[in-house]
Amino acid sequence: MAAEKKLKEKVEKILIYLEEKYPEAVCSLNFKNPFQLLIATILSAQCTDKRVNVVTKDLFKKYPDAFAFANADPKELQEAIRSTGFYRNKTKNIISCCRDLVKKYGGEVPQTLEELTSLAGVGRKTANVVLGDAFNIPRIVVDTHVKRLSRRLGLTREENPEKIEFDLMKIIPTERWTKFGHQMIYHGRTICKARNPKCDSCGLVEICEYPSIKEE
DNA sequence: CTCCCGATAT
DNA sequence: ATATCAGGAG
């Protein structure tokens with residue numbers, strides 16, 4: 001099919017561009033083990049990774065593992081993470097999540113999507129971050145950036161993050177899944193921003209549909 | 001669909 | 001003033 005071939009060529013150009021421009025793209029949340037990445041990612045909901053890193057620096061000294069969070073005083077934890085926003089929900093979720101980790105997994109972080117998403121405050125996006133970056137299991141993380149860029153570039157027409165994830169998995173080679181997500185996020189933060197995207201300094205303008213569709 | 005919510009850029 | 005930030009739960 002002509003349309004499929006065209007899409008395949010587009011994907012190749014995007015992958016080459018991203019690899020050239022962001023060869024070192026990695027997870028920008030600071031963490032030393034899977035558990036820390038899990039907590040940092042829960043905190044990152046509707047918050048910049050930069051802010052999360054400021055908070056987790058002291059947070060992980062006070063609460064080094066799931067056992068510590070499981071026994072945390074809610075008020076104290078709330079204050080510690082307040083600046084990341086949604087701090088009441090996040091506090092409740094983290095304590096509940098860590099109690100589950102202690103009770104069901106001996107304080108360790110499970111390594112399947114189903115087990116991870118069964119934890120409080122852990123949705124598909126968070127689970128995929130942990131699987132990809134802590135356990136090196138190939139995953140495409142569809143966060144707000146990946147969703148926006150994928151739609152602008154015409155890689156999907158879907159609105160639902162899970163559907164977008166499946167669309168992307170069909171057209172991106174498995175071994176690139178995790179890094180692709182990081183590279184899209186780098187690009188989304190610096191060039192293809194939600195507001196006032198810098199299309200003039202983007203090497204993908206020619207194959208991008210954004211200038212014509214303008215989000216819809 | 002709504003609610004959660006502080007920090008920052010524009 | 002308002003949009004947006006590595007979303008998830010009810």
Between atom CD in A:Q46 and atom P in B:dT8, what is the gap in whole Å?
16 Å
N/O donor-acceptor pair, side chain A:R51 with base B:dA7, under 3.5 angstrom
no
Between C:dA6 (C1') and A:F31 (CZ): distance, integer Å:
13 Å
If you find the nucleotide of DNA chain B closest to A:R88 and the one closest to A:K193, which residue's nucleotide is nearer the 5' end?
A:R88
Nearest whole angstrom, please: distance from the C1' of B:dC4 to the CD1 of A:I42.
15 Å
Checking contacts here: which listed nucleotide (C:dA6, C:dC5, B:dA7) is nearest the side-chain heavy atoms of A:S83?
B:dA7
If you check the A:A194 side chain, which of B:dC5, C:dT4, B:dT10 turns out closest?
C:dT4
Using atom C1' in both nucleotides, what's the gap between C:dA6 and B:dT2 to the nearest angstrom?
22 Å
Minimum heavy-atom distance between A:Y17 and A:G203, given as atom pair plus value
OH-N, 3.0 Å
More than 12 heavy atoms of other groups within 6.0 Å of A:K10 NZ
yes
Step by step, would you call A:H187 with A:Y22 a side-chain hydrogen bond (donor to acceptor under 3.5 Å, both in side chains)?
CA-CA 8 Å; A:H187 195 60; A:Y22 313 103; 2.6 Å; yes
Taking only the C1' atom of each, what is the distance from C:dC5 to B:dC4 in whole angstrom?
14 Å
What does A:T84 touch in the nucleic acid at a heavy-atom separation under 4.0 angstrom: a base, only the sugar-phosphate, or nothing?
nothing
Have a look at A:L119 and say if it touches a base, only the backbone sugar-phosphate, or nothing, with a 4.0 Å heavy-atom cut-off.
sugar-phosphate
Pairwise 5' ranking along DNA chain C for A:H145 and A:N93, keeping only the more 5' one:
A:H145
Atom-pair distance (NZ on A:K90; C1' on C:dG10), nearest Å:
18 Å
Which nucleotide wins on minimum distance to the side chain of A:R195, given the candidates B:dA9, C:dG7, C:dA6?
B:dA9
Contact under 4.0 Å: A:R189 side-chain N or O vs C:dT4 OP1/OP2
no
Can A:F86 be said to stack with the base of B:dC4, given centres closer than 5.5 angstrom and planes under 30 degrees apart?
yes
Which whole-number value in Å describes the distance from A:L116 CG to C:dA6 P?
22 Å
A:L38 CG to C:dA6 C1', straight-line distance once rounded to whole Å:
14 Å
Carboxylate-amine/guanidinium proximity below 4.0 Å for A:K13 and A:E206:
no
Within the structure shown, what part of the strands sits under 4.0 Å from A:K50 by heavy-atom distance: base, sugar-phosphate, or nothing?
nothing
With heavy atoms under 4.0 Å as the rule, sort A:S44 into base, sugar-phosphate or nothing.
sugar-phosphate
Would you mind classifying the nucleic acid contact of A:V52 as base, sugar-phosphate or nothing, using non-hydrogen atoms under 4.0 angstrom?
nothing
Rounded distance (Å) that lies between atom C1' of C:dT4 and atom CG of A:L149:
15 Å
A:E79 atom CD: more than 12 heavy-atom contacts under 6.0 Å
yes
To the nearest Å, give me how far apart NZ (A:K125) and P (C:dA6) are.
9 Å
Verify the distance criterion only: is there a donor paired with an acceptor across the side chains of A:T112 and A:E115 at less than 3.5 Å?
yes
